[in-house]
Structures are given as C-alpha cells and as structure tokens.
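Just so we're on the same page: letters track the sequence lines, and every chain starts at 1.
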Number of protein chains: 2
Amino acid sequence: MIDWDDVRYFLAVARGGSVRAAAGRIGVNHSTVLRRIAQLEERLGAQMFEKLPSGYRLTAAGEEVLELANQMEASSHQLETRVFGRDQSVRGLLRVTLAPTLTAHLLMPDFADFARLHPEIEMEIVSSGELANLTNREADVAIRVVYDRKTLPLNLHALKGPDLFGGVYMSRDLLAAWRAGAPDPIRWIVISMHGIPDWASEGEVRTTAVPFKTTDGEAQIAAVRQGLGITTLSCFVGDADPLLVRVPGSDLHMHGTLWLLTQGEIRTTKRVRLFTEFISRRLAAYAPLLTGLSITRD
Amino acid sequence: MIDWDDVRYFLAVARGGSVRAAAGRIGVNHSTVLRRIAQLEERLGAQMFEKLPSGYRLTAAGEEVLELANQMEASSHQLETRVFGRDQSVRGLLRVTLAPTLTAHLLMPDFADFARLHPEIEMEIVSSGELANLTNREADVAIRVVYDRKTLPLNLHALKGPDLFGGVYMSRDLLAAWRAGAPDPIRWIVISMHGIPDWASEGEVRTTAVPFKTTDGEAQIAAVRQGLGITTLSCFVGDADPLLVRVPGSDLHMHGTLWLLTQGEIRTTKRVRLFTEFISRRLAAYAPLLTGLSITRD
DNA sequence: CATCGGTGGTGCAAAATCGATCCGGCTGGC
DNA sequence: GCCAGCCGGATCGATTTTGCACCACCGATG
C-alpha cells in the first residue's frame with residue numbers, strides 16, 4: 001500500500017519542477033522529498049519523474065498519475081473545508097487575504113478594532129503579493145479589487161463593496177515649489193512592472209521624460225512624499241495623506257470594485273460571518289474616501 | 001496541513017469500528033492507529049469519533065468527513081490501477097482470486113503449468129472465502145461462479161467460461177454397502193451455513209433425518225469420502241474423485257457460469273492478458289467435466 | 001462470581017524518519 | 001572563463017515515530 005502523504009510530495013514536485021522547490025513549498029528538507037518520491041516510485045513500481053540535472057520532469061506515467069493526485073488533493077481540501085465549516089465557535093483562526101496597500105493604508109485600524117472586539121479570534125492577515133486561493137483553504141476571506149465582475153470566481157460567494165478610484169498625486173511642497181517656478185525637474189514615479197497607466201495625464205504640471213522606477217508600492221509612496229515627482233495612487237492613499245495633493249488638472253479613474261469573497265461551507269462559520277458583517281459596514285463608511293469624493297477638487 | 005495518510009487510518013477505523021480492528025487491517029500496532037487518529041483530530045480541530053468503551057463510533061463531523069475520505073481512497077486506487085495498467089513487463093506480481101474449491105480440486109495444476117511457463121511472473125492465489133474486490137486492487141483477475149449474469153459488476157470486463165453443474169454424491173463403498181443391505185444409516189452431509197439445497201433429491205437411497213454438519217467444503221468432501229452419507233458437490237469435484245459416485249436416480253443442477261473478471265486498465269497488462277488467455281483455454285477444455293458430461297450416468 | 005475476550009489508553013525502548021551538511025555537476029550571466 | 005546559483009545525491013547524528021508490554025475497564029458467559 002502506498003503512503004497517501006507521498007502523493008502530496010509528488011504534487012509538490014510536479015508543480016515546483018524540482019525537489020528543492022517542492023521542499024520549500026512543503027517546508028521540509030529537500031532530502032526528505034527525495035526519499036519520499038523514491039519511496040513512492042518504488043511502491044508503485046514505476047518512475048514518475050525523469051531525473052534531469054535541471055530538475056525533476058514528469059514522465060508519461062507521472063502525467064497520468066498527476067490527474068488522480070489532483071483529485072486526491074481536491075478531496076482533501078474539501079474535507080478540511082467541511083470540517084472547518086462546522087466550527088461554530090468564536091475562538092479559533094481567521095485568515096484574511098487582501099492587497100498590501102489596502103492593509104497598510106486603510107484597513108489595519110479596522111482589523112485592530114475587530115481583534116479588540118473579539119479577543120478570542122486568532123487573526124492572520126495574508127497580505128503578500130499573490131492572490132491566495134480560497135478553495136485551497138489558504139485563507140477564509142478575501143478582499144479583492146475586481147475590474148470586471150465576470151472575472152469573479154464562480155465557486156465563491158461574493159459580496160459587493162464600494163467602487164475604488166485612483167488619481168494622480170504629488171507632494172504639497174513640490175506643487176508649491178512648481179508654482180513658485182520649480183528648479184528641479186518633476187518625474188513620473190512608476191512601479192517597474194506596471195509603467196504609466198494610459199488613463200493618467202500630467203494635468204497642468206510638466207514632467208521630464210526620465211521616469212523614476214520602484215519595485216514596490218510602498219517605495220512608490222515614499223518617493224512621491226519626498227517630492228520626486230507625480231504618480232498614480234488610489235484615492236484612499238493619496239487623499240488621506242496630508243503631505244500629498246492631487247495634481248491640478250488631472251482626472252480620477254475607476255480602478256475597480258471591492259468585493260468580499262468567501263467560500264461556501266466556510267461562509268457559515270461564525271467567525272467568518274462576524275468578520276464579513278463588520279468589515280462590510282466599515283467599507284461602506286469608507287465609500288466617499290474610496291471613490292475620491294472625500295475632498296473637493298481644487 | 002493534515003497528513004493525508006492519516007485519512008487512510010481514519011477510513012480503517014470508520015470501517016472496522018474500533019482502533020484495534022483498524023490496526024489489524026492496516027497491519028500496524030493499535031497504538032499507532034490511536035496516535036494517528038488523535039493527530040488527525042487535533043489538526044482538523046474537531047472530533048471524528050466518539051470514544052466509547054465498545055469502540056470508536058463516527059460523530060456527525062466524522063460522517064461528513066467519511067464521504068470525502070472515500071473519494072480520496074477512490075482516487076488513490078485509480079492512481080495505483082493506472083500505474084499498474086502501464087506495466088507491460090512480464091516479470092512482476094499477478095494476483096488471482098477464486099473460490100477455494102476451484103483452486104484445490106481443479107485449477108491448481110493449471111496454475112502450476114502457467115507458473116512453469118512464465119517463471120518470471122510472481123503469482124499469488126487469493127483464495128479465501130470472501131470475494132476480493134478488483135476495484136480496490138486486491139486482485140488482478142477474478143474467477144467467479146455467477147448465477148445471474150445481471151449480478152456481474154458493471155465496471156469490470158467479463159469473459160464468459162463454461163457452465164458449472166453440481167450433483168449428489170456418495171462414496172462408492174457406501175453405495176455397495178447400501179445395495180448389499182446397509183447396516184449403517186445414510187446421512188445428509190451439509191455445510192452448516194447452507195443446508196440442503198432445494199434442488200437436491202436423495203435419488204434412490206434413503207437418508208435419516210439427522211444431518212451431519214461441517215463448516216467447510218473440504219471437511220464436507222472428507223466426510224463423504226469416509227462413507228458418512230450423501231452430499232451435493234460440483235461435478236468437477238465429485239466426478240473427478242475415484243472414491244465417489246453419483247447417487248443413483250439423482251439429478252444434476254446448474255450452479256452457475258464461470259466468468260473471468262478483469263478491471264479496465266489492468267486488463268491491458270501483459271501478465272494479465274497472458275494469464276486470461278491461458279486459463280480460458282484450460283477452462284474450455286474442462287467444459288465436459290464442469291458441466292457433468294465427462295461420465296455417463298449409471 | 002470468576003473468567004475471558006474485547007475495548008481504549010500509557011510508558012519506554014527500538015527502529016525508522018528527518019534535517020543539516022557536504023559534494024559534484026550543470027548552467028547562465030558577467 | 002570564471003563564478004554564483006541552481007540542481008540531485010549521499011552521509012550521519014538528532015528527532016520522531018513505532019512496536020511492545022501492560023494497565024484498567026466493560027460485558028458476556030459459564
């Protein structure tokens with residue numbers, strides 16, 4: 001009889017492409033993965049991978065096994081989801097995933113309020129760059145900005161929130177200096193992988209052709225606060241920052257709509273219901289800030 | 001993350017009804033099962049079993065989990081089946097399941113011939129009382145006696161063999177003694193759990209009302225050879241035994257039809273094809289013996 | 001009422017597994 | 001052309017898991 005847990009290692013290697021990558025995902029030493037794969041292949045009596053110097057690649061047999069291994073994983077996830085969905089106690093873990101910017105510049109105070117309100121709920125904010133997969137139980141609730149509602153995952157329950165607008169911002173000091181006849185050039189501050197959005201205009205100010213690139217949203221904000229130039233920001237970031245003002249003559253642009261996503265069986269959990277009700281009220285209160293109506297255009 | 005192999009232990013306990021029964025099935029110490037179930041419950045954060053003095057019984061949560069655990073098992077079995085089905089080498093394991101009587105009194109010489117013909121095939125004859133489940137990969141080939149072809153499992157591939165007839169037998173010596181005016185009473189020899197089949201008649205001989213019961217087919221044959229009385233036997237047993245004769249005036253009765261069963265993906269294996277072709281030829285040659293036509297009625 | 005076969009549970013020693021580390025080989029970028 | 005960063009593989013000591021023996025308990029049975 002094969003060890004079912006070995007199939008989990010098999011999946012990790014098949015996806016990671018190498019033993020070491022798989023070990024990183026699972027969180028074990030790579031030699032463990034090596035041994036478990038060898039054990040699985042021995043018990044099945046067939047090679048699942050070609051052992052190349054560049055990594056492990058699936059053989060034809062491995063490709064066929066992959067399909068069933070995915071089925072096992074799906075059943076395992078459903079199993080966990082079903083057990084978790086029965087959990088009606090208030091104490092326990094609640095994992096929320098959302099974009100880092102939303103966490104840092106808008107919702108962290110609300111998360112703190114919620115945590116104070118329910119001290120027995122253990123909270124985990126999964127706020128990395130990638131989208132966490134609710135079906136895989138990487139998180140219980142997701143707060144997402146969705147541009148086209150047709151792109152919402154069909155298997156998830158979605159609760160609509162306010163629309164999200166963005167604008168073009170610069171530092172208050174830089175605007176004053178520019179009005180006084182700026183000595184320094186004004187540059188576009190962009191995130192490398194994104195570039196300048198097509199909707200953004202410079203408004204009344206003039207920028208040099210030489211952009212200033214950052215890899216990270218926080219670095220971008222820090223740069224614009226330093227008066228390096230102008231950049232596009234969500235209104236809830238730019239309008240809430242006393243050091244920043246909208247670039248005169250620039251327009252707002254709708255980024256998308258906020259959605260609260262939960263998964264079927266997990267949604268029935270008391271913790272999840274408490275959180276979604278709490279945070280959707282807070283989001284509704286933030287609607288003017290999010291849509292850019294909190295301040296009057298100057 | 002849960003250990004997927006723990007789900008296998010969960011299934012064994014759910015089916016066995018107790019930790020010790022599950023340990024017996026899996027082939028480990030019962031304390032191991034105890035610890036793995038405790039680990040699973042801890043990681044899931046829910047009780048799967050009520051710990052009664054009489055054993056482990058599923059909780060409501062456990063019932064819900066059982067369904068998904070079965071799915072995982074089904075995927076695991078399909079996975080093994082698919083890998084095994086790719087195996088086109090002649091060397092390796094071949095497991096055959098069939099009724100003990102068929103093994104001992106008819107086919108063992110043929111199995112021996114096959115093993116001599118293919119010395120690199122490791123053979124295993126699974127000839128316990130219960131039907132082995134091909135879908136669970138407990139065996140690769142099954143030889144079954146089927147009374148109604150509608151009862152054949154639909155998911156298996158079935159190859160029809162000869163019909164199987166039975167009759168009423170007694171020892172040659174007893175018949176002679178009875179014809180000479182028997183001093184001893186002639187008894188019905190029956191297997192306890194079966195009783196006297198409704199189709200069987202005593203023929204010309206007279207039996208006492210007191211039956212002789214055995215638990216086991218081999219004991220039944222030994223008893224009739226000892227001249228204890230008359231009994232129903234398959235023709236291939238009774239006709240092939242020089243010590244036995246059919247009871248004068250008794251009739252034959254069709255027991256059913258022999259079928260060679262294999263499972264879809266496993267059927268494509270070279271070993272399985274070699275075996276089914278070999279054994280179906282032998283079965284065809286045995287047709288007169290199996291249908292009771294090998295000897296003329298006296 | 002004692003016994004016997006079944007249950008779950010618990011220390012402790014042995015065995016199997018795992019993690020850290022080192023090694024050789026490959027590859028791509030400077 | 002060299003070096004850094006991957007890769008798989010092997011080794012060895014530490015850690016975890018397992019098996020074994022035992023216990024208490026419960027129910028049926030003689």
Side-chain angles (χ1 to χ4, degrees), chain A residues 1-63 65-66 69 76 192-193 213 215, chain B residues 1-63 65-66 69 76 192 215:
Chain A
M1 179 65 68
I2 63 170
D3 185 328
W4 288 11
D5 213 43
D6 288 350
V7 181
R8 202 159 61 82
Y9 285 75
F10 166 83
L11 270 178
V13 174
R15 288 169 182 163
S18 79
V19 168
R20 292 186 114 100
R25 295 188 180 206
I26 300 181
V28 297
N29 192 280
H30 81 279
S31 54
T32 300
V33 178
L34 210 59
R35 287 184 287 243
R36 309 272 304 215
I37 295 297
Q39 173 177 281
L40 181 69
E41 291 185 334
E42 187 190 6
R43 294 190 184 174
L44 287 176
Q47 295 263 320
M48 300 289 106
F49 297 97
E50 305 176 64
K51 280 78 173 179
L52 306 174
S54 58
Y56 272 32
R57 198 176 328 285
L58 282 170
T59 61
E63 292 280 0
V65 163
L66 181 60
S76 167
S192 309
M193 49 185 297
K213 296 187 180 181
T215 55
Chain B
M1 178 67 68
I2 63 170
D3 185 329
W4 288 9
D5 213 44
D6 287 351
V7 180
R8 203 159 61 83
Y9 286 74
F10 165 84
L11 269 179
V13 175
R15 289 169 182 164
S18 80
V19 169
R20 294 184 113 99
R25 295 188 181 206
I26 300 180
V28 296
N29 193 281
H30 82 280
S31 54
T32 299
V33 178
L34 209 60
R35 289 183 284 244
R36 309 271 304 216
I37 294 297
Q39 173 178 281
L40 180 69
E41 290 184 334
E42 186 189 5
R43 294 192 184 174
L44 286 176
Q47 294 264 321
M48 300 289 106
F49 297 98
E50 305 177 64
K51 280 76 173 180
L52 306 174
S54 58
Y56 272 32
R57 201 179 325 285
L58 281 170
T59 61
E63 293 279 0
V65 163
L66 181 60
S76 167
S192 308
T215 56

Check: Does A:Arg35 make a side-chain N or O approach to OP1 or OP2 of C:dA16 shorter than 4.0 Å?
Finding: no
Ignoring hydrogens and geometry, is there a side-chain-to-backbone donor-acceptor pair from B:Thr59 to B:Met48 under 3.5 Å? yes
Nearest heavy-atom approach of A:Val7 to A:Ile2 is CG2-CD1, 4.2 Å
Using a cut-off of less than 4.0 Å, is there contact between a side-chain N or O of B:Tyr56 and OP1 or OP2 of C:dG9? yes
Atom CG of A:Leu52 and atom P of D:dG8 are separated, to the nearest Å, by 9 Å
Separation of D:dC23 atom P from B:Leu34 atom CG, nearest Å, is 18 Å
Ordered by number, residues from residues 19-33 of chain B within less than 4.0 Å of DNA chain C (heavy atoms) are B:Val19, B:Arg20, B:His30, B:Ser31
Under a 4.0 Å N-O cut-off, is there an ion pair linking A:Asp3 with A:Arg43? no
Atom CG of B:Asp3 and atom P of C:dT17 are separated, to the nearest Å, by 13 Å
task: Start with the C-alpha distance between A:Leu66 and A:Phe10, add both sets of side-chain angles, then the distance that settles side chain to side chain contact (heavy atoms under 4.5 Å, CB included), and finish with yes or no.
output: CA-CA 8 Å; A:Leu66 181 60; A:Phe10 166 83; 4.1 Å; yes
Can you tell me if the side-chain N/O atoms of A:Ser54 get under 4.0 Å from OP1 or OP2 in C:dC26?
no
Whole-Å distance, A:Ile37 CD1 to C:dT17 P, equals 15 Å
task = Report the C-alpha separation of A:Val19 and A:Ile37 in whole Å, then their side-chain angles, then the decisive distance to 0.1 Å, and conclude whether the side chain to side chain contact (heavy atoms under 4.5 Å, CB included) test is met.
result = CA-CA 9 Å; A:Val19 168; A:Ile37 295 297; 5.7 Å; no
- request: Answer yes or no: are there more than 12 heavy-atom neighbours, outside A:Arg57 itself, under 6.0 Å from its atom CZ?
  value: no
Angle separating the five-pair end axes of the helix from C:dC1-D:dG30 to C:dC30-D:dG1, nearest 10°, is 10°
Atom CG of A:Asp5 and atom C1' of D:dT17 are separated, to the nearest Å, by 14 Å
Sub-4.5 Å side-chain heavy-atom contact between B:Trp4 and B:Asp6
no
To the nearest angstrom, the OH-C1' distance between A:Tyr9 and C:dG19 comes to 12 Å
In sequence, state the C-alpha distance, the side-chain angles, and the governing distance for B:Val28 and B:Tyr9, and then conclude on side chain to side chain contact (heavy atoms under 4.5 Å, CB included). CA-CA 10 Å; B:Val28 296; B:Tyr9 286 74; 4.1 Å; yes
Requested in this report: Please step through side chain to side chain contact (heavy atoms under 4.5 Å, CB included) for the pair A:Glu50 and A:Tyr56, ending with a clear verdict.
Outcome: CA-CA 6 Å; A:Glu50 305 176 64; A:Tyr56 272 32; over 6 Å; no
